[in-house]
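Order of the sequence lines fixes the chain letters, A, B, ..., with proteins taken first and strands second; residue numbering starts at 1 for each chain.
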Amino acid sequence: MRRLKKRAEFMRVARGIRVGRSYFSLQATAVAAADEPGLGFTVTKQMGNSPERNRIRRRLKAASLACAVGFKPQHDYVLVGRRDALYVPFDKLVGELAGALSKINSRMPTDAV
RNA sequence: CCAGUUGACCGGGUGACCGCUGCGCCUUCGGGCGGGGAGGAAAGUCCGGGCUCCAUCGAAAUACGGUGACGGCUAACGGCCGCCGGGGGCGACCCCAGGGAAAGUGCCACAGAAAAUAUACCGCCUGCCUUCGGGCCGGUAAGGUUGAAAAGGUGCGGUAAGAGCGCACCGCGGACCCGGCGACGGGGACGGCAUGGCAAACCCCACCGGGAGCAAGACCAAAUAGGGGCGGCGCGGGGGCAACCCCACCCGAUUUCGAGGGAAGUCGUCCGGGUUGGUUGCAUGAGGGUAUCCGCAAGGGUGCUCCAAGAUGAAUGGUCACCACGUCUGCGUCUUCGGGCGCGGGCCCUACAGAACCCGGCUUACAGGUCAACUGGCGAC
RNA sequence: CGGGGUGUAGCGCAGCCUGGUAGCGCAUUUGUCUGGGGGACAAAGGGUCGCAGGUUCAAAUCCUGUCACUCCGA
């Protein structure tokens with residue numbers, strides 16, 4: 001799994017399609033040049049102070065590792081954390097992420113490259 | 001036992017599975033193994049330094065900013081320790097920007113006669129006048145009124161009425177003496193009531209401060225044309241055959257002096273091009289622990305010993321189980337009726353909070369808990 | 001990393017420098033004008049001056065600490 005780091009990559013994914021959940025928001029777009037899927041995290045300052053932001057990002061990271069098969073190659077994903085991701089039980093977070101992934105992959109246009 | 005004060009400290013533990021980071025070793029270059037991996041505040045960024053650059057940063061003055069009893073500690077500080085003075089508390093103890101108001105300027109609302117060179121509204125008193133209501137000249141400040149604050153206080157004498165006018169006590173100033181390194185404390189001849197408050201008002205005095213900050217700075221790689229236009233100031237003068245010397249100009253808030261440097265231009269503005277990587281700085285330091293000596297203490301000397309995170313869309317974790325702690329509750333038991341102990345169940349399954357060049361402080365946040373010393377009260381002996 | 005600004009009535013702002021009375025506009029309530037609404041006029045109510053200390057006789061104002069929001073530069 002490739003980690004998104006540049007601002008330009010986040011801006012490109014933000015122009016793609018989007019699926020919202022109460023614990024996070026998932027954005028995705030198709031990228032032709034990449035063989036393995038790319039994943040980035042966004043937790044804004046309004047979600048809390050820095051230990052809470054770190055914990056949201058780490059829990060989302062662990063949840064995305066649990067359902068890694070949902071991330072398709074030649075696609076970039078961005079997880080935007082929400083504050084409820086701090087307290088929700090972990091298996092529920094994984095289930096929501098798997099559902100969001102299947103929904104966003106089905107809505108992805110197959111010829112869009 | 002209850003209430004409290006001060007200081008110091010901890011701030012989850014164990015196991016399993018799955019991960020991250022950098023170090024060492026191995027490697028079939030896929031990776032594997034071993035050991036390391038957040039804090040007391042890492043926070044706020046309020047002070048002080050180290051370090052780096054500004055070519056170089058020395059002295060004095062001005063401006064600006066900061067600090068403010070005294071003695072010490074410290075690399076330094078606005079920090080800390082001790083002590084003095086003032087205030088609070090029954091006490092342990094706590095709090096204080098705590099220099100100067102006879103250097104000058106200013107302010108003190110409303111009320112009040114008067115708010116600072118004292119003054120005289122109601123009053124009191126002598127004298128004169130009177131239409132008997134009072135009025136005028138003068139003396140006086142005891143009493144009244146206002147206010148946060150009223151020009152020493154109380155008593156006696158004194159007087160026309162009064163007044164430090166005189167005396168006693170208290171307060172105030174105070175030569176000088178004694179104690180202390182000092183701030184200051186104790187005594188006090190004598191003076192004769194004088195300097196009301198505000199400087200976190202302007203200000204004066206003393207002391208301190210060159211500026212910017214690790215995105216500082218250095219190197220490598222890649223790319224590029226390290227480019228062009230406009231404007232300002234310069235590229236000067238004298239001596240000497242020459243090297244060079246002197247004068248003038250410019251050099252980081254301003255001025256002057258000194259030292260050194262610049263003229264291979266520099267500054268401002270506009271247009272255009274390339275990059276958005278890596279290494280270093282970067283973790284051995286005013287470092288921690290311990291023993292001993294000096295010091296009331298802050299702290300310092302010496303010996304021994306230890307090496308303890310290094311990320312960069314930013315690692316140091318995620319999940320589960322058990323235990324401990326806490327809290328709520330049921331039953332049993334004991335009770336000095338506050339509660340304690342044992343067993344079971346539920347909840348939280350932890351507070352504040354995440355290193356970003358590094359140190360010394362300050363300030364602020366913090367569930368719960370531990371220890372020590374001391375104070376007040378109650379009870380028993 | 002460095003440097004500013006703001007916080008006052010439900011909303012938007014004065015007042016702060018130079019300390020003594022907290023005010024303006026819109027909004028709210030009531031009344032009058034109108035057959036009613038709108039509108040106009042008149043009156044009224046409403047503020048721990050972000051929070052905590054300190055200086056002062058007296059603090060929205062001065063000083064210190066702190067919290068929140070916001071802007072600028074690198």
Mind listing the closest non-hydrogen atom pair of Leu39(A) and Ser64(A) along with its distance? CD2-OG, 3.6 Å
Taking pairing as Watson-Crick or G-U wobble with both contacts under 3.5 Å, can you name the mate of C9(B), or confirm there isn't one? G369(B)
Donor-acceptor pair, side chain of Arg59(A) and main chain of Val88(A), under 3.5 angstrom: yes
Glycosidic torsion of G30(B) (syn if within 90° of 0, anti otherwise) classifies it as syn
C1'-based separation of U126(B) from U159(B) [nearest Å]: 12 Å
On a whole-Å scale, what distance lies between the P atoms belonging to G361(B) and G268(B)? 44 Å
As a test of the definition: with a 90° window around 0 for syn, would you call G171(B) syn or anti? anti
Nearest-Å distance for atom pair CG/P, residues Leu39(A) and C20(B): 14 Å
Here the distance between atom C1' of A355(B) and atom CG of Asn49(A), to the nearest Å, is 15 Å
Phe71(A): partners by ring-ring contact (aromatic ring centres under 6.0 Å, His included), with sequence neighbours left out: Tyr77(A)
Rounded to the nearest angstrom, tell me the gap between atom CG in Leu65(A) and atom C1' in G19(B). 7 Å
If you look at every heavy atom in Val94(A) and Cys67(A), which pair is closest and at what distance? O-SG, 4.4 Å
Starting at atom CG of Leu60(A), determine the distance to atom C1' of G19(B), rounded to an integer number of angstrom. 15 Å
Which way is the base of A242(B) turned, syn or anti, if we draw the line at 90° from 0? anti
What is the minimum heavy-atom distance between Arg107(A) and Val19(A), and which atoms define it? NH1-CG2, 3.8 Å
Contact pattern, 5' to 3', of nucleotides 314-321 of chain B - B, S or - by protein heavy atom under 4.0 Å: SSSSSS--
Name the pairing partner of G213(B), where a pair is Watson-Crick or G-U wobble with both distances under 3.5 Å, or state none. C51(B)
Pairing partner (Watson-Crick or G-U wobble, both distances under 3.5 angstrom) of A353(B): none
Syn/anti state for A38(B) [syn: chi within 90° of 0]: syn
In the structure shown, which nucleotide is the Watson-Crick or G-U wobble counterpart of A52(C), with both distances under 3.5 Å? U64(C)
Identify the nucleotide, in any strand shown, that forms a Watson-Crick or G-U wobble pair with C110(B), with both distances under 3.5 Å; if there is none, say none. none
Does G36(C) fall in syn (glycosidic angle within 90° of 0) or anti? anti
With rounding to whole Å, what would you report as the distance between C1(C) and C214(B) at their C1' atoms? 10 Å
